Amino acid sequence: MQETYITLDEAARFEGIRYNTLIQRMKRSPAQYKTRTEARDGGGKELVLLSTASLSQKGRRAYRAHIRAMAEPEEAEAAPPWYVGADLNGYIEEHRKQYHKAVELAREVQGFLNYAGEDRTAYAEALAARLGISLGTLYRHGQSVMEANAWALRLEQADGHARDYFRTLALCRKPRERSTFPSLTPEQRALIENIWFDPGFAANLHTTEALYTALLAQSTERGWESIPSLKTVQRYVKHLMSQPGVESAHYLAANGVRGWKNAKMLKGRRDTSKLQVMEIVVGDEHTFDCWVQWTAPNGKVKAVRPVLVAWQEQRSRSIIGDVVCVKANGQTLKESLVKMLYTAGVPHALLIDNGKDYTSEEMTGQSRKERAIDFGFDPETEGFYQSIGIEDVRRALPYQPWVKSIERFFGTVCDQFSKWFASYTGTLTGSKTCAKRRKDVPGMLERGELLTLEEFFDKWTWWKENVYHVKRHSGLAKLREKWTTPASLFENGERYEKAVPPVARHAKRYYFVSQKVAVKSLGPYG
C-alpha cells in the first residue's frame, strides 16, 4: 500500500500537540518517524513531510476522520452537526449543568480514543462500567468525539480558529427549539396579531379569552379545518409580548400616543450643570394630598386641600417663591414671583406651565393662543413677566409633564412630606383606587384635629428649609456637581445677576405671617 505523507504542521494538529513539541520528539527518537523532503514551489529550504504511518494511534484516527470529512464536502456542508453553528456562551448559560457534565465525559472518551495499551476491549468495558454507561454507548460517544475533532480541524484550517469545544458539545443533547408553534399556520398567526394589536380591541383592555372568541368567529368565516386551542393562542400571545418592543407597541395601541409618551417613551436627562444659578426657573402648582382647615371670608370653617404655587431653580433644584393658598389664580402667581424676586433674585428665563394663570395676557402681554412668547412689546402692552425684569419666558410642551423638573419634586413632596399628616387621603391623581386612603375628614374637622392653613404653611417651610434643601440630591450627584445639596449649590454656584425692581412698585404682602402653634402628630413634620 502506498504511503501517505503530510506536512509537520498537519501532523502536529492530528496529534493534538504543538509544532515545536513534534520536532523535539522527532529529534529524540528519529527511528520512529519516517520522513522525506521535497522542493518547494517558490524555491528555498526543502519541505519536510512525515509519513502517516509514523503517527500515533490517536493521530492516525484523527487523520482518517479528517479524510472522511474532506471526502464528502457537499454532504458535510448540507447537514453539519448542530454544534457547528451553536453559540457556545448561550448554550452554557442555558444548560450549564449539562455542559460541565459533558466536559468530564469528553475528557474520559478522548482518553479512551488515545489508549494504546494492551487489551483495548477490557479497558473499554472497565471504563464504561466506571462511567455508568453501556459499552455500545461508549463506542458511540467515541464516534461522536472523532467526528467533532474532524469538524474542528476542518474549520480551523479554513479560518485559523481552534474549536476544541466541539467534542464537548458533541456529547450534549441538542437543545430543543422553543416557541415554534407548529400547530399555528402563518395565516392564523397573522390574524392573532392583527386582533391583539388592533387599537379598538386593545383600548378596551380585552383579554386573551376575548381574543380567542374573535378568532373562532373569524375561523368560521374563513372555513378553517383545524382551529388552535385556547392554551395555544395564550402561549403564542405570551411569546409575542416577551419580544423586545412588543409590549410597548401593545401599550401604544391600548392607551394612545399621550399615554404611551407618559409611561413608555424614553426620556432624556437635561445637563443643568452648565447653567448659572437663577438662569432658568421652572414654575408649577401642586395640590397637597392632605387636608387642612380654612376659614372662608364669610366665617365658615371648611376642610380644604392646600395648593402650593412655587418655582424651582433649575441648576440647584432649590424651591423659591413658594406660597400656599386654597385656590391658585393670577394674583397668587404674582405673589410667588414677587417673593422670588426679593428672596432669591431676578431669573433670566422662566419655564412655565400651560395653565391659564401662567399664560394669560396679563402675565405675558399677548394672547395665550400664541405659543411663542415675544417680549418685543412697548411699555404700554408689556406683561407682568417683562415688567419685573425677566428677559425670556418659555411654555412647556402640553401633556408632557416630564419636561419640567418640578413635577418630579412634587412626587418627593408626596412621599416625604404629605404622608406624615393624619389627614393624608392618597394621591389626588392616582391611577389606582388603592392609592386613595379612607379618612373621616369631616369628623377630623369637627374635632379640631386639622391644622390651620397658616400652621400647615409653617410646617411646609420648616420641611423645605431643614430637610429638602440640606439633603443630598441624587440628581446633583449624578451630574457630579461640587455641591450636592440644593442649598449649598444655590449659595455657592456661579450666579446670574440682575438688579431687582424697586420694592414700592411690585412688592406685595407675603402670603402668610403666621403664629407658631405646637401640634401633636404621628410624624416628624406634622
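Since we're looking at a predicted model, the values are computed, not measured.
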Inset, instruction - Please round to the nearest 0.5 Å and tell me the distance separating atom OG of Ser56 and atom CD of Glu15. - result: 3.0 Å
Inset, instruction - May I ask you to decide if Leu50's main-chain N or O and Glu10's side chain share a donor-acceptor pair within less than 3.5 Å? - result: no
Legend entry - Phe421 vs Phe417, ring-ring contact (aromatic ring centres under 6.0 Å, His included): CA-CA, chis, key distance, verdict: CA-CA 8 Å; Phe421 292 91; Phe417 178 71; 5.1 Å; yes
Legend entry - Interatomic distance, Cys290 atom SG to Tyr424 atom OH [nearest 0.5 angstrom]: 9.5 Å
Legend entry - Polar side-chain atom of Gln243 near backbone of His239 as donor-acceptor pair, under 3.5 Å: yes
Legend entry - Distance-only donor-acceptor check, side chains Thr208 and Gln234, under 3.5 Å: yes
Inset, instruction - Using the six-membered ring wherever Trp is involved, compare the ring planes of Tyr358 and Trp311 and label them parallel, tilted or perpendicular (cut-offs 30° and 60°). - result: perpendicular
Legend entry - Full working for salt bridge (charged side-chain N to carboxylate O under 4.0 Å, His left out) between Arg495 and Glu279: CA-CA 8 Å; Arg495 181 177 295 272; Glu279 184 173 353; over 6 Å; no
Legend entry - Listed once per pair and sorted, the side-chain hydrogen bond (donor to acceptor under 3.5 Å, both in side chains) pairs that draw on residues 21-32, sequence neighbours left out: none
Legend entry - Residues Glu187 and Arg222 bridged, charged N to O under 4.0 Å: yes
Inset, instruction - Give the ring-plane orientation class for Phe181 versus Tyr236, where under 30° counts as parallel, over 60° as perpendicular and anything between as tilted. - result: perpendicular
Inset, instruction - Indicate, with yes or no, if the rings of His286 and Phe288 have centres closer together than 6.0 Å. - result: yes
Inset, instruction - May I ask you to establish whether Arg317 and Tyr468 are in a cation-pi arrangement, using a distance under 6.0 Å from NZ or CZ to the six-membered ring centre and at most 45° from the ring axis? - result: no
Inset, instruction - Check for a donor-acceptor pair, side chain of Tyr63 on one end and backbone N or O of Ile6 on the other, with a separation under 3.5 Å. - result: no
Report, one line per pair, each donor and acceptor closer than 3.5 Å where one atom sits in a side chain of residues 471-484; sequence neighbours left out.
residue, atom, partner, partner atom, Å
His473, ND1, Gly475, N, 3.0
Glu481, OE1, Arg315, NH2, 3.1
Glu481, OE2, Arg315, NE, 2.9

Inset, instruction - Please round to the nearest 0.5 Å and tell me the distance separating atom CG of Leu113 and atom OH of Tyr139. - result: 10.5 Å
Just distance, no hydrogens or angles: give the donor-acceptor pairs under 3.5 Å from side chains in residues 249-256, sequence neighbours left out.
residue, atom, partner, partner atom, Å
Asn255, ND2, Tyr251, O, 3.1

Legend entry - Interatomic spacing from CH2 in Trp224 to CG in Leu215 - rounded to 0.5 Å: 5.0 Å
Legend entry - Heavy atoms of other groups near Arg18 CZ, more than 12 under 6.0 Å: no
Legend entry - Flag, side chain of Thr213 to backbone of Glu209, donor-acceptor distance under 3.5 Å: yes
Inset, instruction - Please confirm whether the backbone N or O of Ile406 pairs with a side-chain atom of Gln312, one donor and one acceptor, at under 3.5 Å? - result: yes
Inset, instruction - Please round to the nearest 0.5 Å and tell me the distance separating atom CG of Leu22 and atom CD1 of Ile17. - result: 4.5 Å
Inset, instruction - Determine whether the aromatic ring centres of His95 and Tyr91 lie less than 6.0 Å apart. - result: yes
Legend entry - Under 3.5 Å donor-acceptor, Lys404 side chain and Asp284 backbone: no
Legend entry - Salt-bridge criterion met for Lys419 and Asp415 (N-O under 4.0 Å): yes
Inset, instruction - Using the six-membered ring of Tyr5, assess whether NZ or CZ of Arg36 lies under 6.0 Å from its centre and within 45 degrees of the ring axis. - result: yes
Legend entry - Spacing of CD belonging to Glu193 relative to CG belonging to Asp198, to within rounding of 0.5 Å: 13.5 Å
Inset, instruction - Evaluate side chain to side chain contact (heavy atoms under 4.5 Å, CB included) for Asp289 paired with Thr425, printing each intermediate quantity in order. - result: CA-CA 6 Å; Asp289 305 317; Thr425 54; 5.7 Å; no
